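Below is one structure, written out as structure tokens, with a few remarks after it.
Quick caveat: nothing in here was measured; it's all calculated off a predicted structure.
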Amino acid sequence: EEDSKNNTQRSVGLLPCHEGNIEVVKLIEDSKIVMTAGHDGWVRYWSMSEADLSEPSGTSHVVGIKLLKELFLGQGVKAKSVTLSSDKTHWVLLDRGGSIRTFPRWSYTYITGPSPAAPPP
């Protein structure tokens, strides 16, 4: 198990959803936020309302949706599943290698607000 304080965050903007496979897509915060996790070690948060309003142009099926927040869990972390802890304060991630990692459950206000220098504990 990895201490979530070692996780890192980087700036947000328009980026590919994930590099490689996406294994986890969860609607959270009363279906206002889409949380994704994949084989690249990142957990990412997206606005569901923006996703609903996005329309691909021409023959492309790709749309640009602004990334709200992201959290890097570590190199080589390949998410398989994510579930909320029993006390609802952390997410529990099972990776492809069988490791279990935890990371904080951020509030809607934190996810949608400006990016601080460091994530909350």
Side-chain angles (χ1 to χ4, degrees):
E1 183 173 326
E2 179 178 297
D3 182 355
S4 63
K5 292 177 183 171
N6 292 329
N7 300 329
T8 58
Q9 182 183 21
R10 61 180 188 178
S11 62
V12 297
L14 291 175
L15 299 170
C17 189
H18 288 273
E19 296 294 326
N21 294 344
I22 300 168
E23 297 290 333
V24 175
V25 177
K26 284 198 172 286
L27 289 174
I28 61 172
E29 301 300 325
D30 296 323
S31 298
K32 295 177 187 173
I33 303 292
V34 179
M35 178 176 68
T36 61
H39 286 188
D40 57 3
W42 289 95
V43 175
R44 293 192 169 132
Y45 300 87
W46 314 86
S47 166
M48 186 61 202
S49 63
E50 190 173 323
D52 276 345
L53 296 174
S54 296
E55 292 291 330
S57 60
T59 59
S60 174
H61 296 288
V62 176
V63 295
I65 300 172
K66 185 178 178 195
L67 176 64
L68 297 173
K69 290 281 191 300
E70 64 181 356
L71 183 69
F72 187 63
L73 298 178
Q75 190 67 32
V77 175
K78 295 182 177 187
K80 182 175 179 181
S81 66
V82 175
T83 192
L84 194 56
S85 65
S86 59
D87 65 3
K88 300 185 186 322
T89 61
H90 284 77
W91 292 101
V92 180
L93 179 140
L94 173 65
D95 76 9
R96 287 265 181 230
S99 295
I100 294 176
R101 299 167 186 268
T102 63
F103 58 96
R105 178 184 178 203
W106 290 340
S107 69
Y108 177 80
T109 303
Y110 178 75
I111 293 169
T112 59
S115 292

Between the side chain of Arg101 and the main-chain N/O of Asp95, is any donor-acceptor distance below 3.5 Å?
no
Rounded to the nearest 0.5 Å, what's the gap from OH on Tyr45 to CG on Leu71? Could you check?
6.0 Å
Any side-chain heavy atom of Ile28 within less than 4.5 Å of one from Leu84?
no
Across all chains, not counting sequence neighbours, the side-chain contact (heavy atoms from CB on, under 4.5 Å) partners of Ser85 are Asp87, Thr89, His90, Val92
Lys69 side chain vs Gly113 backbone, donor-acceptor pair below 3.5 Å
yes
How long is the gap from CD1 on Ile111 to CH2 on Trp106, to the nearest 0.5 Å?
7.5 Å
Test: salt bridge (charged side-chain N to carboxylate O under 4.0 Å, His left out). Region: residues 102-115. Which pairs qualify, not counting sequence neighbours?
Glu29-Arg105
Under the criterion side-chain contact (heavy atoms from CB on, under 4.5 Å), I'd like the reasoning laid out for Leu93 against Val24: C-alpha separation, chi angles, the key distance, then a yes or no.
CA-CA 10 Å; Leu93 179 140; Val24 175; 5.8 Å; no
Distance-only donor-acceptor pairs under 3.5 Å for side chains of residues 31-40, two or more places apart:
from, atom 1, to, atom 2, distance (Å)
Thr36, OG1, His18, NE2, 2.7
Thr36, OG1, Trp46, NE1, 3.0
His39, NE2, Glu23, OE2, 3.3
Asp40, OD1, His18, ND1, 3.0
Asp40, OD1, Trp42, N, 3.1
Asp40, OD2, His18, ND1, 3.1
Asp40, OD2, Glu19, N, 3.0

Lys26 NZ: over 12 foreign heavy atoms closer than 6.0 Å
yes
If we ignore angles and hydrogens, is there a donor and acceptor under 3.5 Å between the side chains of Ser47 and Ser49?
yes
side-chain contact (heavy atoms from CB on, under 4.5 Å) against Ser81, all qualifying residues, sequence neighbours excluded:
Leu94
Which heavy-atom pair separates Ile22 from Cys17 by the least distance, and what is that distance?
CD1-SG, 3.6 Å
